[in-house]
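This report concerns only the one structure given below.
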Amino acid sequence: MIEKEVTIVNNAGLHTRPAATLVKIAAKYQSEFFIYKDGLAINGKSIIGVMTLAAEKGSMLNLSFEGPDEEQQAEEIVNYFNRGFDEL
Amino acid sequence: MIKIDSRNTKRKENISVEFFFETARDKFKLKSYTGEIGFEKLICDQNIHRPGLALAGFVDLFTYNRVQIVGNTELRYLQQLDSTQRRQVFERLLQFDIPCIIVTDGNTPPEEMVSIAQNQGIAVFGSEYSTTKLSYFVGDFLDDQFAPRVSIHGSFVDVYGVGMLFIGKSGIGKSEVALDLVERGHRLVADDVVILTKKGENVLIGSGTKLVKHFMEVRGIGIVDVKSMFGVRSIRFQKRLEIIIELELWDNTATYTRTGLDNKTIDILDIELPYVKLPILPGKNVTVISEVIALNYLLKHFGYDTAKEFENKLKESIRKKTEEKDNRTINYFEHDFE
């Protein structure tokens, strides 16, 4: 299992478009992807769950990846967060 | 399986007196005698306390950090003191860092109490309710506020009044089962993110999050609003959790229960809950099976355990057969003319 911590860097936060892209990236891989924030455990492959976070700029999220292709999944997802969902 | 750790459990450390007053004002018929003084103070303990002995002067084990409830007995004791004595009593009592004081039964708090509390920055509230009733209300309210909660990925449905939580890997079809159950007249509590709150010692109450409410994602369609699509009868806000069902792909090596005698349980926040592992196979109608699980649970609740009943019948039948054999031996002796 891989665990990472990321911060939301774009102004609009984790809104619908990035949430949908995030879920799409996560679903490409077999590994389970979970997001933890404020005591919520969110399955990163579920769009409703990711939108529940309503994560604003500056908020920190804990990510966990577990499965056969966890490394590639973690890399691509963390990269997407760090790019500010291509909105920077 | 359900993972529960510090990352998905949460427990409030404290609530402000302001939050307590604003939330509970109407429910407990509260009014404030000290305006907004002491609203910034924090309540950190879920228990309440009646400061009878502390008023009388014994402050050794005074649990001052709790909400203090002053009832008729305390007020009668204070009435028989003169004003200087009362002042002394309150100066001693209110030097402690008390979160707030509630005077019950529609009584007006003594002047000395209000003025010293104001100086010390402690809120004094009054309630119409009797001490016993208010103690219960406040205790229950604080119990709920400080209850541990856990967030779980799954679908939560009320099936024939039985709270069923479906868990399993993403894409296995939890939402589809929930949708199918709603179609058959059952009620959706939450989909995707379910928050379970411990109520009392052995009850877990599940609900959805404020934002999601009764929205649901169905793969291939997108987001569906169950409330507007199926109407208000298809939803509910909260439900006691009674059974956990884990959906998984059929696994040849796994063993699934065949008789129902071996009841499995799962532990969530120190509460044991019945747990069923349900394999998914082509042609297997999980919705109907879920309904059957709910009905079986209800039967058990009303004292009829299907698996046990069947076992008893089998035992009885075996016993009769052995008895019949015994009869034959006796018959043999009867016909043995010597």
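Worth saying up front: this structure is predicted, and the values here are computed from it rather than measured. So that the names make sense, note that chain A is the first sequence line, chain B the second, and so on, each numbered from 1.
Heavy atoms of A:Phe34 lying under 4.5 Å from chain B belong exclusively to its side chain. Only the side chain of B:Arg219 comes within contact range of chain A, judged by heavy atoms closer than 4.5 Å. Contacts between B:Ser170 and chain A at a heavy-atom distance below 4.5 Å involve backbone atoms as well as side-chain atoms.
Atom NZ of B:Lys169 is surrounded by 12 or fewer heavy atoms from other residues, nucleotides or ligands within 6.0 Å. Within a 6.0 Å radius of NZ in B:Lys227, no more than 12 heavy atoms belonging to other residues, nucleotides or ligands are found. Around atom CD of B:Glu22, more than 12 heavy atoms belonging to other residues, nucleotides or ligands sit under 6.0 Å away. Open room surrounds CZ on B:Arg233; 12 or fewer heavy atoms of other groups in view lie less than 6.0 Å from it. Other residues, nucleotides and ligands contribute more than 12 heavy atoms inside 6.0 Å of the CD atom of A:Glu87. For CE of A:Met60, the number of neighbouring non-hydrogen atoms (other residues, nucleotides, ligands) closer than 6.0 Å is 12 at most. The environment of A:Glu3 atom CD is dense: over 12 non-hydrogen atoms of other residues, nucleotides or ligands sit within 6.0 angstrom.
For A:Asn43 (side chain) and B:His153 (main-chain N/O), no donor-acceptor pair under 3.5 Å exists by modelled atom type.
From B:Asn8, atom CG reaches atom CD1 of A:Ile42 across 10.0 Å, with rounding to the nearest 0.5 Å. Separation of atoms NZ (A:Lys45) and CG (B:Asp192) is listed at 13.0 Å; rounding is to 0.5 Å.
Using a 4.5 Å cut-off on side-chain heavy atoms (C-beta onward), A:Ile48 and B:Ile223 make contact.
Contact between B:Ser151 and A:Ala41 at its shortest, heavy atoms only, is OG-N, 2.5 Å. A:Asp38 approaches B:Lys10 most closely through the heavy-atom pair O-CD, 3.4 Å.
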